[in-house]
Amino acid sequence: MIEQLISFSLRNRVLVLLVAAGLLVWGAFSVRASKIDAIPDLSENQVIVFTEWMGRSPQIIEDQVTYPLVTNLQGLAQVRAVRAASMFGMSFVYVIFNDNTDIYWARERVLERLNYAQRLLPAGITPTLGPDGTGVGHVLWYTLNAPKLDLGEQRALQDWYVKFGLQTVAGVSEVASFGGFQPEYQVTVDPTKLTYYNVTLPQVLAAVRSNNNEAGGRKFEQASVGYIIKTSGYIQDVATLENVPVLTRAGGVPLRLKDLGTVQMTGESRLGIFDHNGEGEAVGGIVVMRYGENADDVITRVKAKMTEVAKGLPAGVSFNIVYDRSGLIEESVANIQHTLLEEMAVVSLVVLVFLFHWRSALSILLQIPITIAASFILLNAFGISSNIMSLTGIALAIGVIVDNGIVMAENAYRNLALHQAAEEAAAGGPPGGPPVPVAPISNLEPVRHD
């Protein structure tokens, strides 16, 4: 098989050169289109199902939420494993699919099964899918530099302006906010007053919900003019919430919310804080890259979007990038590229000195760029990014590529020399000298390099 391939290549040299040139050009385009990242993504192909049921213990979450979801998600196609974790008020289910499964096909299958599984959950509980990112998708962290705003104002700015702006960037799966206080109206009821007025806590909750919405009306016409009647009952301030009627006492006197406790504007209860370099609390966000995207391109687009978003920030507010993977990506790739160029130069010099024949050295050295270009074609075909692992593998393979070329060239020279000596012996020996006995050409064997 190998002899036939060599014979075919020798008889069709132009075709071989055209194929090599085509691979080189195709590989050059593949290098430009290759996905660049610092580290390979070895995370599992998973879909996360998140369910929130605040105020419930982990055991209740496990029995009434996690267990029904796990048992119904186990029968999905191409599912390798289903894992789960229950904690106070939250449930996480991790559906692990086979590595060759398309992530968005997997998310569709999980959504189909959740439509049925939700009927087994308590009323008012809605499981949701996590972001379509991976464990190494955190490509950029930032904080807001806002010395004139308190933590609540900074968090509101992050949640209602910055986050929505950055989520529109192509390749971004999610912008997760952290730090600060999330403003909320907090009602603290007095149990003694609830007992005195014979009011239950569900009655208080129902009164707050019913008085924090908009009621529709109807349209009527008067003097050929149409009017639409509606009522707006959304809570605008603390005073509005304090005057919410819970029930009506004897004599038509309403029992208001402020009669049962206190109402105040405060921040959501926190389980931790975010501190930046020991300088105090900070507010910011984490940019999560979508599955299979080019990390370097996504970071570049996010930074460009930050420049646009910064134009709408209040005076004195700016972005402070805490973690940026693009620096690690560029330094890692540049280091490997520099190593590749150095290795190619050193190998070229060694081959020239070792063979001392420019045509033989050129045939060996041309294999290096062609082989590297073909490697990038295969990397793109299998969806592997250009990272420190894949580029290092290419660098290590250069030695094998050159060794094979040297072995083949040396074997060719040796067999040609022996064949030439055999012809001279058959013709009576070299001019001016006695015949030299040599072995027949049929008995020659190639040199083996172990």
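Below, all heavy atoms of this structure are taken into account, side chains as well, without hydrogens, waters or symmetry copies. Note that the structure is a prediction, hence the values are computed from the model and not measured. Throughout, numbering of the chain's residues begins at 1 and tracks the sequence.
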Visitor: Taking OH in Y104 as the centre, count heavy atoms belonging to other residues, nucleotides or ligands within less than 6.0 Å. Is the count above 12?
Guide: yes
Visitor: Determine, stepwise, if the pair T266 / Q186 fulfils side-chain hydrogen bond (donor to acceptor under 3.5 Å, both in side chains).
Guide: CA-CA 6 Å; T266 182; Q186 188 176 90; 4.9 Å; no
Visitor: To check you understand the geometry: which heavy-atom pair defines the closest contact between M90 and E52, and what is its length?
Guide: CG-CG, 4.4 Å
Visitor: So, do V175 and Q158 sit near enough that their side-chain heavy atoms are less than 4.5 Å apart?
Guide: yes
Visitor: Between I103 and V47, is a side-chain contact (heavy atoms from CB on, under 4.5 Å) present by the stated rule, with each step listed?
Guide: CA-CA 8 Å; I103 185 64; V47 177; 4.1 Å; yes
Visitor: Does the pair E281/R270 count as a salt bridge with the N-to-O cut at 4.0 Å?
Guide: yes
Visitor: Are any side-chain N or O atoms of K163 and backbone N or O atoms of G285, one a donor and one an acceptor, separated by less than 3.5 Å?
Guide: no
Visitor: Identify the heavy atoms of V238 and V263 that sit nearest to each other, and give their distance.
Guide: CG1-O, 3.5 Å
Visitor: Under the ring pair (Phe, Tyr, Trp, His ring centres under 6.0 Å) test against Y142, which residue among Y323, F319, F178 passes?
Guide: F319
Visitor: What's the shortest heavy-atom distance between W53 and P122, and which atoms?
Guide: CH2-CG, 3.5 Å
Visitor: For a 4.5 angstrom cut-off between non-hydrogen side-chain atoms, does F274 reach L151?
Guide: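 Of all side-chain heavy-atom pairs linking L151 with F274, none is under 4.5 Å.
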Visitor: If only atom types and distance count, is the side chain of N98 paired as donor or acceptor with the main-chain N or O of N100 below 3.5 Å?
Guide: no
Visitor: Does L149 offer a backbone N or O that forms a donor-acceptor pair with the side chain of Q154 under 3.5 Å?
Guide: yes
Visitor: May I ask you to test the L313-L157 pair for a side-chain heavy-atom distance under 4.5 Å?
Guide: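 Yes, side chains in contact.
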Visitor: Donor-acceptor pair, E153 side chain versus D150 backbone, under 3.5 Å?
Guide: yes
Visitor: Check whether any side-chain heavy atom of L129 lies under 4.5 Å from a side-chain heavy atom of L114, and answer yes or no.
Guide: yes
Visitor: For the CH2 atom on W105, are there more than 12 heavy atoms of other groups (residues, nucleotides or ligands in this structure) within a distance under 6.0 Å?
Guide: yes
Visitor: Begin with the C-alpha distance, continue with both residues' side-chain angles, and end with the deciding distance and a verdict on salt bridge (charged side-chain N to carboxylate O under 4.0 Å, His left out) for E44 and R83.
Guide: CA-CA 12 Å; E44 295 178 310; R83 304 166 187 163; 2.9 Å; yes
Visitor: Does a salt bridge link R325 with D37, judged by any charged N lying under 4.0 Å from a carboxylate O?
Guide: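 So R325 pairs with D37 through a salt bridge.
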Visitor: Parallel, tilted or perpendicular for F50 and F92, by the 30°/60° rule?
Guide: tilted
Visitor: List the steps, then state whether side-chain hydrogen bond (donor to acceptor under 3.5 Å, both in side chains) holds for T240 with D237.
Guide: CA-CA 6 Å; T240 304; D237 51 25; 2.5 Å; yes
Visitor: Do T126 and Q118 come close enough that some side-chain heavy atom pair is under 4.5 Å?
Guide: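 T126 vs Q118: side chains touch.
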Visitor: Under a 3.5 Å distance rule, please check whether N212 uses its side chain to pair with a backbone N or O of V208 as donor and acceptor.
Guide: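 Looks like no, no N/O pair under 3.5 Å.
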Visitor: Heavy-atom count check: over 12 atoms from other residues, nucleotides or ligands less than 6.0 Å from Y161 OH?
Guide: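 Count over threshold, so yes.
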Visitor: Would a 4.5 Å heavy-atom cut-off, applied to side chains only, mark D259 and K193 as touching?
Guide: no
Visitor: Quick one: are Q203 and L255 in side-chain contact, heavy atoms under 4.5 Å?
Guide: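 When only atoms from C-beta onward are counted, L255 and Q203 do not touch, as no gap falls below 4.5 Å.
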Visitor: If you count heavy atoms of other groups shown closer than 6.0 angstrom to OH of Y67, is the number above 12?
Guide: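 Counting other residues, nucleotides and ligands, OH of Y67 stays at 12 neighbours or fewer.
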Visitor: Going by the side chain to side chain contact (heavy atoms under 4.5 Å, CB included) test, name the single residue among I299, V302, V169, D324 that passes it with V287.
Guide: V302
Visitor: Take atom CD in Q4; do more than 12 heavy atoms of anything else shown fall under 6.0 Å from it?
Guide: no
Visitor: Can you tell me if S173 uses its side chain to pair, donor with acceptor, with the backbone of D132 under 3.5 Å?
Guide: yes
Visitor: Any side-chain heavy atom of L379 within less than 4.5 Å of one from S30?
Guide: no
